[in-house]
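Accompanying notes for the structure given below.
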Amino acid sequence: MRVGRRDVMKASALLAASAWAPVAIARDTRDHGVRIRDLLSRMTLSEKIGQMNQIAGGRQKALNSRLDAAMLDRVRRGEMGSFLHVAGAEPLRRLQKIAVEESRLGIPLLFAMDVIHGYRTTLPVPLALAAGWDPAMMERAAALMAEEAWAAGLHWTFTPMVDVARDPRWGRVVEGAGEDAYLGSRMAEAQVRGLEGPVRRAREPLARGRVLSCSKHFVGYGAVAGGRDYDSADVSERTLHEVYLPPFHAAMRAGSGSFMTAFNDVAGVPMTANEALVRGKLRERWGYQGLVVSDWNAIPELISHGVAATPAEAAALALHAGVDMDMASSTYADHLATAVAADASLVPLIDQAVMRILMTKARLGLFDDPYRFGDAAREKAPLARGTARELATRSIVLLRNEGAVLPLKPTARIALIGALADDASSELGSWRARGQAEDAVTLRRALPQAVYDPGTDPAAAARVAANADVVLLVIGEDYDMTGEARSRSDIGLPGDQQALTEAVRGAGKPIVAIVMGGRPLALEHALTGIPAVLQTWFLGIEGGPAIADVLMGKVSPAGRLPIAMPRTTGQVPMTYAHVPTGRPANPDLAVDSARYHDTDIGPVFAFGHGLSYTRFGYAPLTIEPRGDATVIGVVVSNDGAVAGDEVVQLYIRDPVASVARPVAELRGFKRVTLAPGERRTVRFTLAHAQLALWKAGAWMIEAGTIEVMVGSSSADIRQRGRFTVGAGQGSDPAASIATRVEVA
Ligand code: GLC
């Protein structure tokens, strides 16, 4: 579609037609739809396009800084529907008042921010929370951040990020729940529940303390080529449906009120203009009626993608695809009317988009009470340190503990080495909203009895190590090495930490490596000869005390890897859920097989791996058919001397199917607390729809044998069994369906 000067003249005429006259919104209609259709009928094209316009009211580090007089006049003219990078109960109340009382139609604004893992109380980064393998914990985290964001007057957070990621070179792996579609689906729905509360009846507004969630980035963002942020995602239809779409379906079913389209293209079609996947799959096939917002500036970037020649064409493509709101680019605001002048068929699409935006505002209760979000007193409440510390301890993964180096003896002389041990800012990770580094308690502060050395001089550090009984070596990445636009071509130990590690190892004392970072690093070489390893991610404001609790044995670690740790960078992307190939990887190098010749097979620490200070036993499985489901039971016992949590994991495999199937797929898990000697029965009710594969546009359950594997990780299977299933058809993405788990 080409837009000429005549069209521009026509467009400005359309825009000018808006007569300015104060009109009260009918507040007495009970049914949102009636009220919104009435409102829509009275809106000019300019006012409609204004609702589709989201502007940055500041910057991440300078919130509200752009709310100047000119911006407020634009609010009065009804030229925008939402602001992001704004916050504060009082400033947002004043801003809302201008929209509601000084614009012609008084439509309330939406205020949004990236509250990803904490608003003021910074919690562990999402990948760390996912390592807790506990949806209830993820929900608690989301509920806490929702309440703090709500108190600050925010309506909307761009969370959860539900992109499955199997290439840790991609910096945004820190924001998600790792490599698996099933785990990702459970964490997606938990975050939506925590943010929005339980799924509500049609007219029930969001409860106080809850905010609108935004499931992102739809879809395939974690599959970018080479792990390079913003790159192309060339995934097969089956992989898209079986791996990358399921967490979005789970988030939708949990009631997520908005979605965000991804920057990337999928097989050459940019998601911001992907009518087949947004309007076709998400809206028409799945029936999603929530608001869809673009990512930052993504609409005009359709020109860079090479699928639009002008901003007006980009605007038309995004509108056709089903993108309701334009984040930060003003392309809808500045060019959609021009596109309409050239193609009047866009007007119904605009009406649909505006309906969804206004319905979203109605469902937040903003038409009934535009000031129901925000509580200046609650905004000043103390940080939730107790919750932050508990969530942090539950996110720590004990990767290795040879010779039971951990927990430390209370009398041990400790050397604490490494700059990250005293890096408060890195504890907060990326996307820290209003989190403050001075609120973070580092490991150094949490272990005052330790002799600390920053590790800048390896020789000096080695001397400190030599005078200790045990060395805590803190290595890894700082907060700015993961997050958006932080892809890395080498995910080994950064900087000169390898030299430090070798110098400290030379001191000959037992070492506990404490790995910090927002991605799994390739540390096989670095960790050689190190008997104990903790993966501690970025744990938030109570990270230091949480690590100390685990080191000193106050808490028995139980976290599990939500994404495998590779041996070398060259191995990625990798996943445990791979197909076997015709020549499955063989340990014998003389056999030609699907493996590298210069590194061992598989990761150094597997998906689902994590140790405890106790040990657990698994009795043989019971397998009972139950209609269109099968119940798999297992008795788990704590065979050690201290209490601990076990994360019981259920994997399935379809050994013979019409297409090659993964050697294992997670289809259930349960974190269970067991006292010494205690035994609990865990029962997984596996619906056969969870076994379906995507084929010929449908979820097909193929008749045959299904193998089940139950254990402590994808690489530590303790019990196996099998059952048969009849042919059938599912309706939802198999991995998105939650397995019912009972513990007796
Ligand atoms: C960023 C991110 C997105 C975020 C948005 C607003 O570019 O891709 O995740 O929510 O812009 O900050």
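Just so you know, residue 1 is the first one in the sequence shown, and it goes up from there. Start at 1 and go down the list; that is how both ligands and their atoms are numbered.
Residue-ligand proximity: M260 is placed with a non-hydrogen atom under 4.0 Å from ligand 1. Within the 4.0 Å heavy-atom cutoff, H217 counts among the residues contacting ligand 1. Ligand 1 does not have M113 within reach: every non-hydrogen atom of the residue lies 4.0 Å or more from it.
Of all protein heavy atoms, the one lying nearest to atom 12 (O) of ligand 1 is D114 OD2, 2.5 Å. In this structure, atom 5 (C) of ligand 1 lies nearest to the protein heavy atom D295 OD1, 3.5 Å. Scanning all protein heavy atoms for the shortest distance to atom 7 (O) of ligand 1 gives E484 OE1, 2.9 Å.
Side-chain polar atoms of K281 and H241 form a donor-acceptor pair below 3.5 angstrom. In this model, no donor atom of one side chain and acceptor atom of the other lie less than 3.5 Å apart for S426 and D478. A donor-acceptor pair shorter than 3.5 Å can be found between the side chains of E484 and Y230.
Heavy-atom proximity to F158, at under 4.0 Å, picks out these atoms of ligand 1: 10 (O).
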Legend entry - F218 vs N274, side-chain contact (heavy atoms from CB on, under 4.5 Å): CA-CA, chis, key distance, verdict: CA-CA 10 Å; F218 190 76; N274 201 314; over 6 Å; no
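When heavy-atom distances to ligand 1 are checked against a 4.0 Å cut-off, R172 comes that close only through its side chain, counted from C-beta outward. Of all the heavy atoms of H85, the ones lying under 4.0 Å from any atom of ligand 1 belong exclusively to the side chain. Residue-level proximity to ligand 1 for M327 is carried by the side chain, the only part with a heavy atom below 4.0 angstrom. Contacts between W431 and ligand 1, counted as non-hydrogen atom pairs separated by less than 4.0 Å, involve the side chain only.
Considering only heavy atoms from C-beta on, M355 comes within 4.5 Å of I36 through its side chain.
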